[in-house]
Amino acid sequence: MRSPPTSPPAAKRARLDTDKTFTTLPPSPSSSSSNGRLHANGANGSSKQPPPPSTTAPLPPGAESSAIDDSSDEEEESRPEPEDLSRRDLYLDTVSRSNLDFDFERLCSKSLSNINVYACLVCGKYFQGRGRGSWAYRHAVDQNHRVWLNLETEKFYVLPEGYPVSDPSLNDILRVLNPQYKSAALPALSNLPPPSYTLDGAAYYPGYIGLNNVKANDYLNVILQLILHIPPVRQFLLDPNTPQLQEQARPTELVKRLATLAKRLWNPRLFKAQISPHEFLQEVAKRSNGKFKMTEQGDPVEFLGWLVNTLHRDLGGSKKRNSSVIYSTFQGKVQIETQQVIIHKDHARPIFDIGREIQVVSSPFLFLALDLPATPLFTDLNEKKIIPQVPLSAILAKFDGKTTQEFGPTLKRHHLTALPPYLILHIKRFTKNNFVEEKNPTIVNFPLRGVDVVDYVDPKPSSPMHTIYDLLSNVTLDSTVATTSSAGTGPGVSKPSRTKDEEGMTSWKIHQRAGRGGADGEKWFEMQDLRVEEVRKEMVFLGETVIQVWERRDLSTPS
């Protein structure tokens, strides 16, 4: 059999100075784009041409202080050179970084096995094995695709010959496959990050990139963006020293895949400014017994509740306070007073009677549910529907310890007794019964900074800053579905029966704060699947808010 054509041996080519790639400022988009394509696709391989430049993504200014751990570069440079220099870099100019995508499950595209899987660095496909007759071996011979990466051991090989390759110019691929972070640099991710650059020179902000929508997983994407931007959770997942993520701790597959997704979301060395949550969402569908799917629209509030409680259990959490990063970040306490309803002739509505028995329960919470006032049934002079508005303080009054709510035969009053570092609010827009589902379109007005909940908590925290919160995330609903829709015709129906056209009219997006401290230290991004746009602060107030995350003032202020 004729041997396949080969590229010129590395010994006959000038060695690339890879260190300069990581210390110089990024080239202009025009020059970096053309050079990146030249090397990535292996074009212009004539020996008369100058040596091709490195195809690693250019770094932002100040990259030397990046949270990414680049110690692997130093280790590669300190190792002795291989004896056989003639084939050390053979075929490396055929590697096409633009075809590489490590966001999907590591399965052989032929056998569907997850054992001993290799990625072809020319076309990006996954194949099993390396030995003669294996799927990877056959692909290398048939397609003349020679450079491969073992996805488990993170070692490079040339097939079908089977010899290993060690070259610093391949380190950028490992940083996309499995980025590593420095513990000491992780708190700085809460500040406004400098822009990074993709292979084609496009700028992006690490952490504020798009998530692919497979079909109908926008309701899942907004929750992933929300949870991965909460600093304690982010640091827990990115820190290489987190005990619960070590191999000996045997973390669950859900935790491992969420940590992998977090590393890719915050990676400043991406080849393209988007990632896919496909691998994580497959595990979600499995663990939830099909309740949360990528192919069917669902409720982000239900997914958030399921996710935080499942993560708490997977991380060894118990009923004790601070027993997991979930509880230490989100858990607060609310006191609920309950009394049987008795109608007084002097009062139009039932009231609490201090002289009668009151049941008092102290209950932990991970997020607070807020009720919107009923939608008014009137129109303006032009017979157009009026969209009512309500201030956030009006619906927070539910927890002032005085406002009563009627639940069937009982009255309830709520009062907060402990506040969490990060306060999650769920604004209830949907009410369901056996026949209809109604959506309340009321707009909630709120400030971006300085919401003081001191009137809703007792005992008072020692520091005044511990009752003041600044907005971190805001999830809104975009919908053209009617405010009332059919939900079935019999008892026990819990989900609305919507047509495909109606489902297509409902979508979710999130406004996410980047940076802290207000003024020029902050930006706001609107993210909806792959679409990421910087928006003015005034745009955050618009839309039908469903979920908010508020960060305690002492945590949202730069030290």
Side-chain angles (χ1 to χ4, degrees), residues 66-72 75 102-106 114 117 149-155 171 173-190 206-207 209 211 220 223-270 275-288 303-304 306-318 320-331 366 420-422 555:
S66 169
I68 285 284
D69 187 353
D70 287 335
S71 58
S72 59
E75 293 173 3
F102 301 119
D103 289 335
F104 294 93
E105 197 165 6
R106 301 178 182 183
N114 61 354
V117 177
L149 170 62
N150 186 304
L151 296 176
E152 183 66 27
T153 65
E154 300 182 6
K155 293 183 178 180
N171 286 344
I173 296 176
L174 296 181
R175 293 191 202 100
V176 175
L177 172 67
N178 184 22
Q180 300 297 319
Y181 294 79
K182 305 172 186 175
S183 302
L186 292 177
L189 294 178
S190 294
I209 60 176
L211 296 180
L220 301 169
I223 298 303
L224 292 179
Q225 293 279 17
L226 179 150
I227 203 78
L228 295 179
H229 281 87
I230 297 174
V233 178
R234 178 188 65 210
Q235 178 146 341
F236 179 90
L237 295 172
L238 297 184
D239 194 335
N241 299 319
T242 299
Q244 294 91 331
L245 300 182
Q246 305 305 314
E247 186 176 351
Q248 58 270 24
R250 303 181 68 181
T252 65
E253 192 66 25
L254 185 77
V255 171
K256 289 193 293 185
R257 294 191 183 191
L258 184 61
T260 299
L261 187 64
K263 291 177 181 178
R264 291 174 179 167
L265 183 76
W266 288 95
N267 190 357
R269 311 291 175 81
L270 292 173
I275 60 174
S276 174
H278 180 267
E279 189 175 9
F280 174 74
L281 295 182
Q282 280 187 316
E283 184 64 18
V284 166
K286 178 181 177 182
R287 287 289 301 274
S288 66
F303 176 59
L304 176 61
W306 177 88
L307 181 62
V308 294
N309 282 287
T310 304
L311 289 175
H312 172 71
R313 290 191 299 268
D314 284 7
L315 295 172
S318 62
K320 295 182 180 180
R321 188 175 178 84
N322 299 328
S323 58
S324 76
V325 66
I326 300 297
Y327 272 21
S328 62
T329 302
F330 304 119
Q331 191 184 62
L366 294 178
Y422 291 83
L555 302 172

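Position 1 is the first residue of the sequence, and the numbers go up from there. The analysis underlying the following values was restricted to heavy atoms, covering all of them including side chains, and did not include hydrogens, waters or symmetry mates.
By the 30° and 60° cut-offs, the orientation of the rings of Phe104 relative to His278 is tilted.
Within 6.0 Å of CD in Glu105 there are more than 12 heavy atoms belonging to other residues, nucleotides or ligands.
Considering CG of Leu189 and CH2 of Trp266, their distance stands at 5.5 Å, rounded to 0.5 Å. Here CG of Leu258 is found 10.0 Å from CZ of Phe236. Values are rounded to the nearest 0.5 Å. Between the CD atom in Glu154 and the CG atom in Asn171 there is a gap of 10.5 Å [rounded to 0.5 Å]. Here the straight-line distance linking atom CD of Gln282 with atom CZ of Arg257 works out to 6.5 Å at 0.5 Å rounding. Separation of atoms NZ (Lys263) and CG (Leu237) is listed at 9.0 Å; rounding is to 0.5 Å. The distance from the NE2 atom of His229 to the CG atom of Leu265 is 5.5 Å, given to the nearest 0.5 Å.
Here the side chain of Gln225 pairs a donor or acceptor atom with the backbone of Ile209 at under 3.5 angstrom. Of the possible polar contacts, none joining the Ser183 side chain to the Asp239 backbone as a donor-acceptor pair under 3.5 Å is found. Formation of a donor-acceptor pair under 3.5 Å by the Ser328 side chain with backbone atoms of Val325 is found in this model. Under the 3.5 Å distance criterion, the side-chain polar atoms of Asp314 are left unmatched by any main-chain donor or acceptor of Pro251.
Between Leu149 and Leu174 there is a side-chain heavy-atom pair separated by less than 4.5 Å. Side-chain contact between Phe330 and Ile230 is present, with at least one heavy-atom pair separated by less than 4.5 Å.
Summarising the geometry of Val255 relative to Leu311, their closest heavy-atom pair is CG2-CD2, 4.1 Å, with the distance given to 0.1 Å. Minimum interatomic distance between Arg106 and Val117 (heavy atoms only, all atoms of both residues): O-CG2, 3.7 Å. Nearest approach of Pro179 to Leu177, heavy atoms of both residues: CD-C, 3.8 Å.
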